[in-house]
Structure formats: structure tokens, C-alpha cells
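Notes for the one structure printed next.
Numbers restart at 1 for each chain; the letters A, B, ... are given by sequence-line order, proteins then strands.
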2 protein chains.
Amino acid sequence: MQSLIDIQQQLLPDLLVVMKKRYLILRQVMLSDMIGRRTLAASLNLTERVLRAETDFLKGQGLLLIDAAGMRISDAGRRLLENMEPLYKTMFGLSDLEERIRERFGLKGVSIVPGDSDTSPYTKRELGRAGCAALRKVMGKDDVVAVTGGSTLANLAGQMMTQAPLKSNWFVPARGGLGESLDYQANTIASTLAKRTGAQYRLLHVPDHLSDEAYMSLMQEPNVREIVEVIRSARIVVHGIGDAMVMARRRRVDESVIQAMEAEKALAEAFGYYFDRNGEVVHKMSTAGLRLEDIVETEVVIAIAGGRSKGEAIAAVMRFGHDDMLVTDEAAALEIAAIMDRE
Amino acid sequence: MQSLIDIQQQLLPDLLVVMKKRYLILRQVMLSDMIGRRTLAASLNLTERVLRAETDFLKGQGLLLIDAAGMRISDAGRRLLENMEPLYKTMFGLSDLEERIRERFGLKGVSIVPGDSDTSPYTKRELGRAGCAALRKVMGKDDVVAVTGGSTLANLAGQMMTQAPLKSNWFVPARGGLGESLDYQANTIASTLAKRTGAQYRLLHVPDHLSDEAYMSLMQEPNVREIVEVIRSARIVVHGIGDAMVMARRRRVDESVIQAMEAEKALAEAFGYYFDRNGEVVHKMSTAGLRLEDIVETEVVIAIAGGRSKGEAIAAVMRFGHDDMLVTDEAAALEIAAIMDRE
DNA sequence: TGCAAGCGGGACGTTATTGGTCCAATGTAA
DNA sequence: TTACATTGGACCAATAACGTCCCGCTTGCA
């Protein structure tokens with residue numbers, strides 16, 4: 001059955017949204033015995049007109065009875081609700097989870113794909129696809145999109161598709177180069193995204209990890225300075241989330257710094273910064289890319305990360321509180337929910 | 001899984017239509033390796049613009065690759081098609097069958113619900129619902145709808161719903177009263193339908209089975225005459241289909257006539273007439289209701305009947321050739337298809 | 001190498017659909 | 001009877017869908 005839903009999701013992505021809306025209307029009506037349109041619209045957060053279109057439809061389907069006194073559920077509607085009961089969890093379980101997490105961290109949107117990226121490459125791919133969808137949704141015209149590196153972002157970039165070319169948009173790396181494999185460099189990802197969407201891109205040919213002096217002198221270079229300004233003006237940022245220690249080592253951060261971070265219980269890494277479990281930044285360093293103050297200013301910040309092992313790190317970064325959207329997977333989301341419950 | 005589809009059918013009735021359209025596009029593209037929009041539109045009987053909207057969508061979903069050379073399927077699309085293969089039959093098998101039957105008998109539309117009305121009351125209910133949908137689709141303003149009697153029609157009437165009241169429409173019985181139970185009388189059904197849809201109705205208080213003399217004298221009555229004229233002017237006729245012998249006995253047709261019909265191999269009964277397997281009428285009698293010549297003139301004739309045992313009778317009436325729509329169930333449809341294959 | 005057929009995609013005007021808002025008619029309960 | 005809440009109709013604005021035409025590009029054939 002899951003496979004059927006997966007297929008339908010690909011062929012009719014907003015199927016579940018519509019189904020859920022209608023299900024909830026029906027359910028609310030049943031719980032209310034008899035209820036009026038306005039009351040119902042208010043309790044479901046729908047405008048009166050939209051609700052009316054839906055109730056007219058449900059009436060036509062014979063699931064709802066409407067008369068001058070109000071609406072109540074029909075026998076067929078009651079039967080349908082009963083039959084849907086067992087399906088509800090599998091069909092909408094994730095969107096409930098999405099809503100809980102969205103609410104808790106004050107996000108604009110949360111998107112959860114089924115599965116666990118740690119164990120299933122398929123889930124990882126889905127995660128990328130969901131990331132694409134989230135990004136597509138917020139991109140407009142003339143937007144600058146800054147992206148970080150990492151395997152998840154690389155996965156996203158490799159799957160990105162658009163209906164029409166986005167000529168007027170720019171993709172830029174959020175940070176400079178790291179010691180990682182080429183495929184996972186922010187530069188590579190920005191360029192892949194631009195190529196796949198028909199957008200433009202700029203690269204930042206500067207190491208991410210800089211001494212203050214090197215930073216100052218590099219920023220004197222007009223061409224470096226120029227692209228850095230573009231990066232810092234990004235309206236949209238898409239970033240991954242990593243484990244603090246793993247990332248620090250991969251970035252060859254000084255052993256002394258690593259130990260300091262360990263002492264401060266650094267847990268998560270995102271766009272080059274390290275966070276403890278409360279979302280406090282525990283280590284800063286000068287960077288030619290996006291700085292914390294830029295992130296705070298950015299209009300849309302999208303985090304994308306999945307896998308049970310990353311749940312804690314994701315929760316930490318969410319506590320930092322400057323993300324607007326989270327794209328994750330079921331395993332990580334359950335982990336996050338568990339952390340929320342423990343609070 | 002079937003239950004999921006059933007539920008979705010109620011909450012999103014045209015889900016399958018859209019899914020099938022997209023599936024067929026994808027499939028056609030795969031079979032064609034590389035194909036252009038216009039060619040594809042022609043081979044799928046879609047207008048160019050509609051197809052374009054769909055292919056843009058499929059491209060956005062990453063299922064289709066489009067470049068200046070044409071369209072081809074992506075890996076994800078190919079995977080999707082493979083995954084759908086087993087689902088196709090359960091999801092669309094009936095609509096293929098619908099199309100075959102529609103084509104063979106030159107109908108405007110065929111609607112098949114899953115199951116067998118002979119054995120499952122649930123299927124019988126579904127049949128009624130499908131009949132409602134078919135009827136709703138063809139009803140406009142100021143229409144006169146003539147309905148016959150029978151349990152299937154009664155079932156339909158009991159489930160009929162409309163979004164808005166159809167004040168300007170009239171429901172009338174197609175034929176006079178029979179010896180049957182009150183619930184199954186055409187009069188009862190016309191009145192139920194009118195009440196449930198907010199339409200008007202007229203009754204025909206005349207026995208269906210009349211001697212020529214009685215017929216002539218009854219037709220002198222102004223009020224009988226008036227309603228009979230309304231009936232005969234019906235734009236829409238909805239009728240059931242029965243087994244000839246069963247119906248004849250139920251109607252207490254003279255034993256001599258029954259034997260004559262048996263000799264002529266009467267097989268099916270519909271709107272008071274008896275048909276042999278070739279759709280030829282084998283017995284006529286004067287009636288105050290709809291006559292054959294009225295049926296021939298009627299703009300929309302809808303047949304509704306299901307159950308494996310009725311397959312043969314349905315096929316016979318379809319051969320008569322004046323129906324426009326058929327609403328039936330899977331068991332009967334398969335029986336009809338088997339008869340078609342034997343031809 | 002040149003040509004023509006077929007391709008995607010842009011553009012535009014028209015039509016159909018959807019959503020917001022207001023109000024009249026109606027039924028219900030106090 | 002009155003006051004309230006209900007549905008359903010009406011209307012307008014915004015938007016999406018659609019039909020149609022054309023342009024520039026690629027590609028395969030001559």
C-alpha cells in the first residue's frame with residue numbers, strides 16, 4: 001500500500017493535501033454532530049468560501065447532509081471515516097509530525113519524507129527530491145540562492161528540475177572550499193544547480209577556513225570582494241546539518257579548537273558554525289562566506305538533513321532559531337519529536 | 001489496497017482519471033524512446049496545450065526529460081512505470097473494459113464498478129452510486145427524466161444526491177404500475193428521486209399491462225393523457241435491465257404469450273420490451289408509458305444493471321442499440337466482454 | 001554542407017474556475 | 001414572537017487553464 005501512495009505522490013503530489021483537508025472536514029463535522037459553515041471554517045482555519053466548495057463537493061458525494069439547520073455527517077460519510085481510520089496514520093502521520101515540529105520551532109514549513117537516510121539510499125534520494133520541491137516553492141525571480149556543501153545538498157542538486165529555466169536567478173556557494181571531495185563542495189553544488197535549472201552561478205575560490213590576516217587581505221581583492229557581497233546578499237540559503245565533531249575533523253580544524261569545542265559540548269554544524277544542544281554558537285571563525293549576521297538577515301533559510309543519527313544535531317540547529325524551513329526524513333523527525341517530548 | 005482506492009474514489013473522484021492520463025503519457029514516451037509534443041498529443045488524443053501542461057508537470061517531477069530534440073523518459077520515470085505495472089490492472093483494468101464495451105456498442109459512456117451485484121450488496125450500492133453520477137452528469141435545466149422500476153433503480157434513487165436543488169427538472173415513471181412491491185414501482189422511484197434532488201415529479205396511475213381497448217379508453221382521460229405526453233417527451237431515460245422470463249412472470253404476462261416469447265428466445269427485458277440475444281424486439285404490447293418509438297427519439301438513454309447473471313441480458317439490450325450510457329458492474333462487464341469475444 | 005521537418009518554448013487573448021464578500025431567505029430555539 | 005445562526009444565491013475580481021500561433025533551434029537526411 002505504501003508503494004501505491006508513493007506512486008500517487010509522484011503522479012499527483014498534492015493528493016494527500018486535498019484528501020487530508022476533506023477528511024478533516026468530515027471528521028470535524030462528525031465530532032460536532034451538527035455544525036454551521038462559519039463555525040466549521042473557523043475551527044479548520046479555512047476561509048468560508050473554500051470550505052463551502054468542499055462541503056458542496058462532499059454533499060454531492062453523499063458524505064455530508066446539509067440543510068437549513070446546518071451540516072451533519074451522512075451514514076456513508078461515517079462509514080468512510082471508519083474505513084479511513086487505519087489509513088490515517090500511514091497517510092497523514094508524517095504531516096502531523098511536520099506540524100508539531102513546525103510549531104515547536106516556529107518554522108514556516110516542515111517537510112518529512114518516509115524512511116531513514118542513514119540506512120536507505122532511497123530515502124536519501126527522496127530527501128533530495130523534497131528539498132528540490134521546497135526550494136522550488138520559494139524561488140522567485142532575480143533571487144540569489146546560497147548553498148552549502150555536503151552529500152545531502154549534492155543529492156538535492158543532482159535531482160533538481162524546473163519546469164521553465166530560471167534565467168534570472170543566481171546560485172552561489174555559501175562558504176569557501178573545504179578539504180572534502182569535489183562533488184560535495186559548495187562550489188560544485190551551486191554550479192550543478194545552476195546548470196540543471198538554467199540559472200546563473202558564481203564561484204568563490206577561497207578556502208573556507210581562514211586566519212584573520214588572510215581574510216583581511218583576501219577581502220581586498222576586488223573580484224573576491226564582489227562575489228562575497230553577492231553571497232551575503234542572498235535572499236535564500238539552503239544548508240545541510242552535520243555532526244559537530246565529524247565536521248570539525250573533516251575541516252581539519254586545529255586540535256586545540258576541537259578540544260575547546262568538545263568542552264563546550266558542540267553538537268551540530270551548519271553553514272560553518274558549531275552549535276551546542278541549546279542552539280548556542282560555540283565556535284566562530286572569520287569566513288569569506290556567509291556570516292551568522294547574514295543568516296539572521298536572510299529571508300528564507302532552508303535546512304535539509306536526514307537520518308536518525310542527525311536528529312539531535314537538527315534539533316540543536318533548529319533551536320538556533322533562524323531557519324524557516326526544514327526538510328528531513330521520518331527517522332530524524334521521530335528523533336526530534338522524542339527530544340521535544342523530553343523537554 | 002482496493003479499500004484505499006475506494007476511499008480515494010470517494011474523496012477525489014477524478015483521481016484515477018488524472019493518474020491514468022499521466023501514466024499513459026509517460027508510457028507512450030517510454031515506448032517512443034524520443035518523441036515530440038505534437039506527435040504525442042495526436043497519439044494520445046489530447047490537445048497540444050493540455051499535453052504541454054502535463055509534460056511540464058512531469059518534467060518538474062523529474063519523470064520526463066525534455067530538450068530541443070524532444071522528450072524522453074528519465075530513470076525515475078522508468079522506475080515509476082515499472083512500479084506501476086502491477087497496479088495498472090487493478091487501477092485501470094475497469095476503465096479499459098469500459099472503453100472496449102463503449103466502443104463495441106457505440107455508446108457515449110460506460111461506467112463499471114468493481115464487484116458482482118449478484119453476490120455483494122456493497123457492489124449493488126456502488127452500482128447505484130455510479131448510476132447517480134451518470135445521471136447527474138447528463139441532467140441540465142428543465143429536463144424531464146423518465147425512470148423505470150426495479151431494485152437497481154430503487155437503489156439508485158435511494159442514494160441520489162445533488163449539490164444544488166434541481167427545481168426545474170421533472171422525474172416521471174417511464175411505465176405504469178406493475179404487480180411488484182411498492183418500493184420498486186417506477187412511480188415510487190420517480191417520486192424518491194424528485195424528493196432527494198429537490199425536483200418535481202408526476203405520477204402515472206395506470207397499470208402497465210393494458211388491453212388495446214383499455215388503453216384507448218384511458219388515453220381519452222385528459223389527466224392521463226397529459227402526463228403520458230410529458231413522459232413521452234422525456235429527454236433522459238434511465239432504465240434497468242432484467243431477465244425476460246423472470247420479468248414476464250413477475251408481470252403476470254399471459255402464459256400463452258410467455259410461451260410465444262420462449263419460442264422466440266426472448267432473453268432480456270428493458271422498459272417493458274422483450275429482446276432476443278440479437279437485440280431484436282420479440283414482444284410488444286400497447287403501453288401508456290414510453291413506447292419503443294419514444295426511446296429511439298430520446299436524447300439520453302441510460303441503462304443500469306449489474307451482476308454476472310445479467311451479463312447476457314445487458315449485451316442483448318445493448319445490441320438493440322438505442323442506449324447512450326451503460327452503468328454496470330465488473331462481473332456483468334466481464335460476461336459482456338466474453339460474449340463479445342465469442343462473436 | 002545545406003535544407004527541411006520536427007522540436008520545445010514563448011506569447012497572447014479568451015474562457016473557465018476559484019475565491020472573497022455580502023445579503024436575503026429560512027429555520028430553530030429560547 | 002424575536003433573535004440568532006444557518007444555508008445558498010449573487011456578484012466581482014483574480015487567477016488558472018486552454019487554444020492558437022509563431023519563433024528559433026536541433027537533427028537527420030539528401
Side-chain angles (χ1 to χ4, degrees), chain A residues 12-14 17-18 21-22 25 28-29 32-60 62-74 136-137 140-141 161-169 196-199, chain B residues 12-14 17-18 21-22 25-26 28-29 32-74 77 137 140-141 161-169 196-199:
Chain A
L12 269 145
D14 42 6
V17 179
V18 179
K21 181 165 65 178
R22 296 187 173 160
I25 292 172
Q28 190 66 32
V29 171
S32 313
D33 270 344
M34 179 78 80
I35 189 170
R37 199 203 302 150
R38 274 168 270 270
T39 322
L40 187 57
S43 77
L44 288 167
N45 265 56
L46 293 171
T47 67
E48 197 185 319
R49 195 64 184 75
V50 172
L51 176 71
R52 187 165 158 190
E54 296 299 338
T55 50
D56 281 354
F57 165 83
L58 292 171
K59 180 184 176 187
L63 302 170
L64 216 55
L65 300 171
I66 308 189
D67 56 36
M71 299 178 280
R72 62 189 196 282
I73 198 163
S74 74
R136 258 200 308 270
K137 200 149 61 180
K141 277 183 184 284
M161 296 266 191
T162 49
Q163 288 195 208
L166 311 167
K167 283 178 197 155
S168 66
N169 295 84
R196 291 187 66 93
T197 58
Chain B
L12 268 144
D14 41 8
V17 179
V18 179
K21 182 165 65 178
R22 296 189 172 158
I25 292 172
L26 222 45
Q28 190 66 32
V29 171
S32 313
D33 269 346
M34 179 78 80
I35 191 171
R37 197 205 305 150
R38 276 167 269 267
T39 321
L40 187 57
S43 76
L44 288 167
N45 263 55
L46 292 172
T47 67
E48 194 187 320
R49 196 64 185 74
V50 172
L51 175 72
R52 187 165 160 189
E54 295 299 338
T55 51
D56 281 353
F57 165 82
L58 291 171
K59 179 185 175 187
Q61 290 294 104
L63 301 170
L64 216 55
L65 300 172
I66 307 188
D67 56 35
M71 298 178 280
R72 62 189 196 283
I73 198 162
S74 74
K137 201 148 64 180
K141 276 181 185 286
M161 297 265 190
T162 49
Q163 289 195 209
L166 310 167
K167 284 178 195 153
S168 67
N169 296 83
R196 294 187 63 93
T197 58

What's the closest nucleotide to the Arg52(B) side chain, out of dT21(C), dT20(D), dT26(D)? dT20(D)

From the list dA10(D), dG19(D), dT7(D), which nucleotide is the closest neighbour of the side chain of Thr47(B)?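 Nearest nucleotide to the side chain: dG19(D).
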
What's the [atom1]-[atom2] distance between [X] and [N], to the nearest Å?
X        : N       : atom1 : atom2 : answer
Met71(B) : dC7(C)  : CE    : C1'   : 9 Å
Glu48(A) : dT7(D)  : CD    : P     : 8 Å
Met34(A) : dT6(D)  : CE    : P     : 11 Å
Asp14(A) : dA16(D) : CG    : C1'   : 14 Å
Arg38(A) : dG8(D)  : CZ    : C1'   : 10 Å
Leu65(A) : dG27(C) : CG    : C1'   : 17 Å
Asp67(A) : dG8(D)  : CG    : C1'   : 13 Å
Glu54(B) : dC18(D) : CD    : P     : 8 Å

Looking at dG8(D), I'd like to know if its phosphate oxygens (OP1 or OP2) sit under 4.0 Å from a side-chain N or O belonging to Lys59(A). yes

For DNA chain C, whose closest nucleotide is more 5', that of Ala53(A) or that of Ala68(A)?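 Mapping each residue to its closest nucleotide by heavy atoms, the 5'-most match is Ala53(A).
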
For a side chain to side chain contact (heavy atoms under 4.5 Å, CB included) check, start with the C-alpha distance between Arg22(B) and Leu26(B), then their side-chain angles and the critical distance, and finish with the verdict. CA-CA 6 Å; Arg22(B) 296 189 172 158; Leu26(B) 222 45; over 6 Å; no

Contact between Leu65(B) and Ile73(B) at the side-chain level, heavy atoms closer than 4.5 Å - yes or no?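 In short, these two side chains do not touch, never coming nearer than 4.5 Å.
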
Side chain proximity check, Arg72(A) to Asp33(A), heavy atoms < 4.5 angstrom: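 Sidechains of Asp33(A) and Arg72(A): no contact.
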
With a 4.0 Å cut-off on heavy atoms, is Leu46(B) in touch with a base, just the backbone sugar-phosphate, or nothing at all? nothing

Counting the atoms with a prime plus P, OP1 and OP2 as sugar-phosphate, which does Thr39(A) contact under 4.0 Å by heavy atoms, base, sugar-phosphate, or nothing?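 Touches sugar-phosphate only.
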
Decide side chain to side chain contact (heavy atoms under 4.5 Å, CB included) for Leu46(B) and Ile25(B); before the verdict, give the C-alpha distance in whole Å, the side-chain angles of both, and the deciding distance to 0.1 Å. CA-CA 10 Å; Leu46(B) 292 172; Ile25(B) 292 172; 4.1 Å; yes

